[in-house]
Number of protein chains: 2
Amino acid sequence: MDKCTQARMEAQAVIFKALAHPSRLFIVNELARRERCVCELTELIGADKSTVSKHLSLLKQAGIILDEKRGNMVFYALQTPCVLDFVTCVEKMIETRIKQMAALRK
Amino acid sequence: MDKCTQARMEAQAVIFKALAHPSRLFIVNELARRERCVCELTELIGADKSTVSKHLSLLKQAGIILDEKRGNMVFYALQTPCVLDFVTCVEKMIETRIKQMAALRK
DNA sequence: TGGCTATTTGGCATTATAGCCAACCATCTG
DNA sequence: CAGATGGTTGGCTATAATGCCAAATAGCCA
């Protein structure tokens, strides 16, 4: 693999890594509905707020979400709504796999 | 987050985790062109064959690729070509981000 | 200013991932 | 069957990711 390809693959991997966690996928799903502050997401996820904050920071760094401070709260929203397309695609993949597995058991 | 949602997020995360590695993304890209045996992929990636074999095994478990043994070689191919859709999408996201960063520097 | 709330950061322990080597298994060929 | 080739698996070490707590920061309001 040449250096250029390597760099491209690494850049892509950053996005996938950012999405490769249940809580972060949940955040993306929630933000798809509407923006949310950290406290709401923390409540929904049920983890420590520092943990949620770090998840958000990671998603932000990957360019998937953006933040906006209003008062003493920080609101997060989707930056690139096209991520939803592949969340949808992944859902389909999972369904297909479940069906395949069911078919194999017969 | 309720149990059902948690389970769905975890299932999705499996797919993203599988793609969250430069070599595995490279493999997906290569297999998008045509099927490949392990030896070819090993050659292209330039890692130990055991390493490549493990990457392939992970992608297979995630349902992204499938394998077929022919003679003493094993050929891998994409199982769910729709992954390409989001690889394309990710490419776009990266370009957008690069442009944004460039704009910010002005 | 002082206290309160919302969020981020640092630090640390736990766990998961990556990648190499060596050993093993399967298949082909002489 | 022996040897060669292609792949997988086990084991190990190094590195990265996760998640909690505690401490720090920022903005509100009295």
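Every chain is numbered from 1, with letters handed out A, B, ... down the list of sequences.
Across the protein-nucleic acid pair, B:His55 atom NE2 and C:dC20 atom P stand 9 Å apart, rounded to whole Å. Distance CZ (B:Phe26) to C1' (C:dG19): 18 Å, rounded to an integer number of Å. Atom CG in B:Leu56 sits about 10 Å away from atom C1' in D:dG7, given to the nearest Å. If you measure from atom CG of B:Leu41 to atom C1' of D:dG7, you get 12 Å, rounded to the nearest angstrom. Rounded to an integer number of Å, the gap from A:Glu43 CD to C:dT5 P is 15 Å. Distance NE2 (B:His21) to P (D:dA16): 11 Å, rounded to an integer number of Å. Distance A:Met73 CE to C:dT5 C1': 9 Å, rounded to the nearest Å. In this structure, CZ of B:Phe16 is placed 18 Å from C1' of D:dA17, rounded to the nearest angstrom.
No N or O donor and acceptor, one from the side chain of B:Lys49 and one from the base of C:dG19, sit under 3.5 Å apart. The base of D:dG7 does not come close enough to the side chain of B:Lys54 for any donor and acceptor atom to sit less than 3.5 Å apart.
With D:dG6, D:dT8, C:dG19 as the choices, the nucleotide that has an atom nearest any side-chain atom of B:Tyr76 turns out to be D:dT8.
Counting any heavy atom pair closer than 4.0 Å across all strands shown, A:Phe75 reaches no nucleic acid atom. Within the nucleic acid shown, A:Arg24 comes within 4.0 Å of sugar-phosphate atoms alone, with no base atom in reach, counting heavy atoms only. Base contact: B:Ser50 has a heavy atom under 4.0 Å from a base atom.
Of the two residues contacting DNA chain C, namely B:Asp48 and A:Lys69, the nearest-nucleotide position lying further toward the 5' end is that of A:Lys69. Remark on DNA chain D: of its neighbouring residues B:Thr42 and A:Ser23, the 5'-side contact belongs to B:Thr42, judged by nearest-heavy-atom nucleotide.
In this structure, SG in A:Cys82 is found 6.5 Å from NZ in B:Lys92, a value given to the nearest 0.5 Å.
Around atom CD of A:Gln61, no more than 12 heavy atoms belonging to other residues, nucleotides or ligands sit under 6.0 Å away. Remark: A:Arg70 CZ is packed, more than 12 non-hydrogen atoms of other residues, nucleotides or ligands lying under 6.0 Å away. When the shell of 6.0 Å around CD of B:Glu43 is examined, it contains 12 or fewer heavy atoms from other residues, nucleotides or ligands.
Contact annotation: B:Ser53 reaches the phosphate of D:dT8 (side-chain N/O to OP1 or OP2, under 4.0 Å).
Pairing of D:dA30, defined by two Watson-Crick or G-U wobble distances under 3.5 Å, is identified with C:dT1.
Checked by atom type, the side-chain pair A:Asp85/A:Thr88 shows no donor-acceptor distance below 3.5 Å.
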